[in-house]
Asker: 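Pasting a structure below so you can have a look.
Just so it is clear: chains get the letters A, B, ... in the order the sequence lines come, proteins before strands, and each one is counted from 1.
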2 protein chains.
Amino acid sequence: MTKPPGGKTGNGRPRLGMKEIARRAGVAPMTVSRALADPDKVSPQTRARIMEVIEREGFIRNQLASSMRSRRRIVGTMVPPLINSGIAEQVQGMTDACHAAGYQLLLIQGNFDTEAEEQAIRSLLGWQPAGLILQAFVQSPAARQLLSDGDYAVVEISEIRGRDPIDMAVGVSNFDTAYAMTAHLIDKGYRRIGFVSTPAHGNDRLQQRRIGYRQALLDRGHAYPESLEVEVPITPLGGADALAMLVERDSALDVIFCSSDTLAIGAVQECHRRGWAIPKRLAIAGYGDMDLAAQLFPRLTTVRVPRYEMGRRAVEQLLRRLAGEADLPAVVPIGFEIVDRESA
Amino acid sequence: MTKPPGGKTGNGRPRLGMKEIARRAGVAPMTVSRALADPDKVSPQTRARIMEVIEREGFIRNQLASSMRSRRRIVGTMVPPLINSGIAEQVQGMTDACHAAGYQLLLIQGNFDTEAEEQAIRSLLGWQPAGLILQAFVQSPAARQLLSDGDYAVVEISEIRGRDPIDMAVGVSNFDTAYAMTAHLIDKGYRRIGFVSTPAHGNDRLQQRRIGYRQALLDRGHAYPESLEVEVPITPLGGADALAMLVERDSALDVIFCSSDTLAIGAVQECHRRGWAIPKRLAIAGYGDMDLAAQLFPRLTTVRVPRYEMGRRAVEQLLRRLAGEADLPAVVPIGFEIVDRESA
DNA sequence: CTGTTAGCGCTTTCAG
DNA sequence: CTGAAAGCGCTAACAG
């Protein structure tokens with residue numbers, strides 16, 4: 001069970017290696033390798049004989065050995081916690097795209113600080129990945145250094161505004177999205193707009209959303225008292241708490257713009273508990289357009305960011321780089337959309 | 001960029017191998033290997049010298065080569081789609097536990113049919129994992145055969161009632177959970193109890209939940225007209241649709257037991273849209289106790305299944321097997337709990 | 001405590 | 001079209 005590769009295993013037949021398959025097919029191991037990697041280079045008869053043996057005996061190629069000598073087949077990825085953040089969809093997009101192209105996804109997730117992040121990147125690199133897709137990226141200089149020194153293929157799923165990607169980046173401008181939503185709310189007649197964020201420290205994307213919010217207010221001649229901004233954990237409870245804090249600070253608040261649907265949904269529930277009509281007494285806007293947003297009562301006005309698509313595109317971009325495609329854009333902007341529904 | 005291991009890379013310094021580190025530290029490669037794997041077997045001075053070089057030059061060990069010759073360090077896992085199902089928490093539990101023990105998680109996710117599932121298992125096995133954790137398991141005989149023949153360490157996260165695990169299993173009895181919730185609802189005085197499930201075909205866990213629901217009704221002398229059971233996709237919209245279908249079939253319906261919180265949340269929204277008081281006009285119960293359940297309005301009565309814990313325990317169980325621990329239980333039941341809140 | 005040798009399972013390279 | 005030899009980067013096993 002714990003025994004290293006090869007050799008007999010417990011009850012069943014021995015796990016066969018390529019050498020053994022070759023022996024049984026009456027060819028050299030190299031021919032088996034070729035039959036698998038490049039069937040055209042082997043005569044139909046030989047190939048058929050090999051395949052027949054493989055079929056019968058159940059050979060599974062050792063990817064470790066294979067990747068060591070030839071093409072790398074792992075895509076390493078580092079993501080924030082999957083819970084409550086829409087990251088799950090991105091991961092789904094990545095795995096789908098990876099498997100379609102014959103790659104495997106090595107996943108590290110967590111709440112990274114600078115040091116843990118560097119450590120995580122090092123462990124990924126140890127597996128000799130064909131490339132890296134980084135999302136939970138706090139951008140320690142050491143990590144950047146590590147990656148650019150090594151000259152790795154890297155796609156960051158990140159803020160794309162005013163950032164110089166290590167290699168390539170896929171994403172939206174969080175500034176633009178938040179700006180657009182804030183402007184949208186102002187255009188709909190809301191005046192006192194609260195802003196709820198999850199802790200933005202060291203997180204470029206969240207910072208950009210806040211700046212976008214502020215800039216939109218400024219551009220339309222509104223003030224942005226910082227008392228109308230709060231930070232809470234990314235849970236529905238956080239959203240409810242934020243609402244409580246904000247209305248305490250400003251009882252005339254019109255609308256709350258939550259930088260995540262999870263928060264917005266929590267805030268909506270809190271309104272229900274208080275018996276406040278949405279959007280009449282207080283309006284709520286979210287960010288992300290998760291599945292529930294369109295089914296919530298009232299349906300949630302939010303920013304749609306196509307997460308699955310982002311994951312898919314990130315892999316696609318990586319594969320193009322690996323294929324040596326020329327003139328690859330360093331930054332791939334993903335479209336977004338203000339989804340105007342009933343909650344605001 | 002696409003170049004295989006070793007050798008010079010684009011702009012930066014060459015990526016160093018162990019041999020090169022050894023040379024610079026004035027020792028044999030083996031000594032470097034030992035300094036890393038088992039520091040006590042190297043004299044403090046030598047170790048210090050080696051570490052100093054590694055620190056300075058930035059060595060990252062090639063895990064491919066390392067795993068080939070010695071301990072395997074990959075845990076392969078196959079899971080259902082991460083979206084909307086609480087699986088994300090399980091994956092979080094798995095990654096946390098894996099990384100704490102120095103393993104990496106190789107992830108395959110998807111909507112598997114029998115054939116795709118076998119294929120997925122084969123790809124995981126190709127990486128010579130120390131063990132497998134399987135969750136999206138439709139249990140094709142071929143897949144079972146493959147795994148038991150190979151004598152792999154396997155933990156299934158699955159139904160644990162009346163099932164003979166390939167190797168080990170961690171989970172709850174879905175029968176018991178659904179039975180308990182149904183009995184709870186009957187005890188609270190509900191009489192006409194609808195049941196909403198996601199498509200149960202080929203899914204043991206969902207089938208067991210349905211059987212548990214039926215058995216509880218039977219045991220308490222209720223009938224279970226199959227017209228009170230519906231299957232819908234696992235989305236909030238599915239929950240809303242299910243509600244519409246059920247109340248159409250039986251306008252006197254008391255309560256709907258949804259076999260997933262995602263469905264229950266959708267059903268709750270549909271009640272709000274219709275202006276129906278919960279639980280007065282119609283009660284709703286869920287399954288899973290996801291984050292939002294406790295924050296929903298009204299707070300959701302549901303079955304708490306500790307998903308994160310399940311993921312963590314699955315890895316723990318695997319590690320024990322790998323450590324050669326004797327008398328390991330084949331089945332690890334995870335506790336569950338009926339969480340009684342306001343929605344039912 | 002340290003080094004040497006051999007080889008994990010596959011594929012590159014070069015020769016038939 | 002097929003095969004033999006060599007070696008990817010590391011570590012088990014065995015010296016010293």
Asker: For A:Gln128 and A:Ile74, indicate whether the former's side chain and the latter's backbone hold a donor-acceptor pair under 3.5 Å.
Answerer: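 The answer is no, because no donor-acceptor pair under 3.5 Å joins these two groups.
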Asker: State whether A:Ser33 places a side-chain N or O below 4.0 Å from either non-bridging phosphate oxygen (OP1 or OP2) of C:dC10.
Answerer: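 For C:dC10, OP1/OP2 do not have a side-chain N/O of A:Ser33 under 4.0 Å.
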Asker: Using atom CG of B:Leu64 as one end and atom C1' of D:dC10 as the other, report the distance to the nearest whole Å.
Answerer: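 After rounding, the reported distance stands at 11 Å.
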Asker: Measure the distance from CD on A:Gln128 to P on D:dG9 and round it to the nearest whole Å.
Answerer: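 Interatomic distance, CD of A:Gln128 to P of D:dG9: 8 Å.
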Asker: In terms of side-chain heavy atoms of B:Met18, which of C:dC8, C:dT12, D:dC10 is nearest?
Answerer: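 Closest nucleotide among those given: D:dC10.
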Asker: Counting side-chain heavy atoms from CB outward, which of C:dG3, D:dG9, C:dT12 is closest to B:Asn62?
Answerer: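 When the side chain of B:Asn62 is considered, D:dG9 is the closest of C:dG3, D:dG9, C:dT12.
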Asker: Taking the nucleotide of DNA chain C with the closest heavy atom to each, which residue, B:Ala65 or B:Pro29, is nearer the 5' end?
Answerer: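 Here B:Pro29 is the residue nearer the 5' end.
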Asker: Can you tell me how far the CG atom of A:Asn62 sits from the CE atom of A:Met18, to the nearest 0.5 Å?
Answerer: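 Interatomic distance, A:Asn62 CG to A:Met18 CE, rounded to 0.5 Å: 9.5 Å.
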Asker: Under 4.0 Å, counting only non-hydrogen atoms across every strand here, what does A:Ala28 touch: a base, just sugar-phosphate, or nothing?
Answerer: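 Sugar-phosphate, backbone atoms only, no base.
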Asker: Can a side chain N or O of B:Thr31 be found less than 4.0 Å away from OP1 or OP2 on C:dC1?
Answerer: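 For C:dC1, OP1/OP2 do not have a side-chain N/O of B:Thr31 under 4.0 Å.
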Asker: To the side chain of A:Ser66, which of D:dA13, C:dC10, C:dG9 is closest?
Answerer: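 Among D:dA13, C:dC10, C:dG9, the one nearest the side chain of A:Ser66 is C:dC10.
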Asker: Give a yes/no answer on whether the side chain of B:Ser43 brings an N or O atom under 4.0 Å of OP1 or OP2 in C:dT2.
Answerer: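 Yes, such a contact exists.
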Asker: Would you indicate what B:Arg61 reaches in the nucleic acid, counting non-hydrogen atoms under 4.0 angstrom: base, sugar-phosphate, or nothing?
Answerer: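 Answer is sugar-phosphate: B:Arg61 comes under 4.0 Å of backbone atoms only.
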Asker: Using the side-chain contact (heavy atoms from CB on, under 4.5 Å) rule, pick out the option among A:Val91, A:Thr77, A:Leu106 that qualifies with B:Leu107.
Answerer: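 For B:Leu107, the side-chain contact (heavy atoms from CB on, under 4.5 Å) test succeeds with only one of A:Val91, A:Thr77, A:Leu106, which is A:Val91.
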Asker: Without decimals, in angstroms, what is the distance between B:Arg49 CZ and C:dT2 C1'?
Answerer: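 Whole-Å distance recorded here is 11 Å.
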Asker: May I ask you to verify if any side-chain N or O of A:Ser67 is less than 4.0 angstrom from the OP1 or OP2 atom of C:dC10?
Answerer: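 No, because none of the side-chain N or O atoms of A:Ser67 sits under 4.0 Å from OP1 or OP2 of C:dC10.
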Asker: Is the number of heavy atoms from other residues, nucleotides or ligands under 6.0 Å of B:Glu52 CD greater than 12?
Answerer: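 Atom CD in B:Glu52 is packed in, count exceeds 12.
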Asker: Does CD belonging to B:Glu325 count more than 12 external heavy atoms closer than 6.0 Å?
Answerer: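 Atom CD in B:Glu325 is packed in, count exceeds 12.
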Asker: Could you tell me the separation between the NZ atom of B:Lys41 and the P atom of D:dA12, rounded to a whole number of Å?
Answerer: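 Going from B:Lys41 (NZ) to D:dA12 (P), I get 9 Å.
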Asker: Between atom CZ in B:Arg72 and atom C1' in C:dG9, what is the gap in whole Å?
Answerer: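 These atoms are roughly 13 Å apart.
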Asker: How many Å lie between CZ on A:Arg23 and P on C:dG9, as a whole number?
Answerer: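 It works out to 15 Å between those atoms.
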Asker: Between D:dC8 and A:Ser70, is there an OP1 or OP2 to side-chain N/O distance shorter than 4.0 Å?
Answerer: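 No, no such contact exists.
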Asker: Within this structure, what is the CZ-to-P distance between B:Phe59 and D:dG9, rounded to whole angstrom?
Answerer: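 Taking atom P of D:dG9 as the reference, CZ of B:Phe59 is at 11 Å.
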Asker: I'd like to know if A:Arg69 reaches the base of D:dG9 with its side chain such that a donor and an acceptor end up less than 3.5 angstrom apart.
Answerer: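 Side chain to base: no pair present.
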Asker: Quick one: CD on B:Gln119 to CG on B:Leu124, what's the gap to the nearest 0.5 Å?
Answerer: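 B:Gln119 atom CD to B:Leu124 atom CG measures 10.0 Å (nearest 0.5 Å).
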Asker: Pick the closest DNA chain D nucleotide for B:Arg34 and for B:Gln63 by heavy atoms, then say which residue is nearer the 5' end.
Answerer: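 Result of the comparison: B:Gln63.
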Asker: Write down the distance between CE (B:Met68) and P (C:dT11), rounded to a whole number of angstrom.
Answerer: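 From B:Met68 CE to C:dT11 P: 10 Å.
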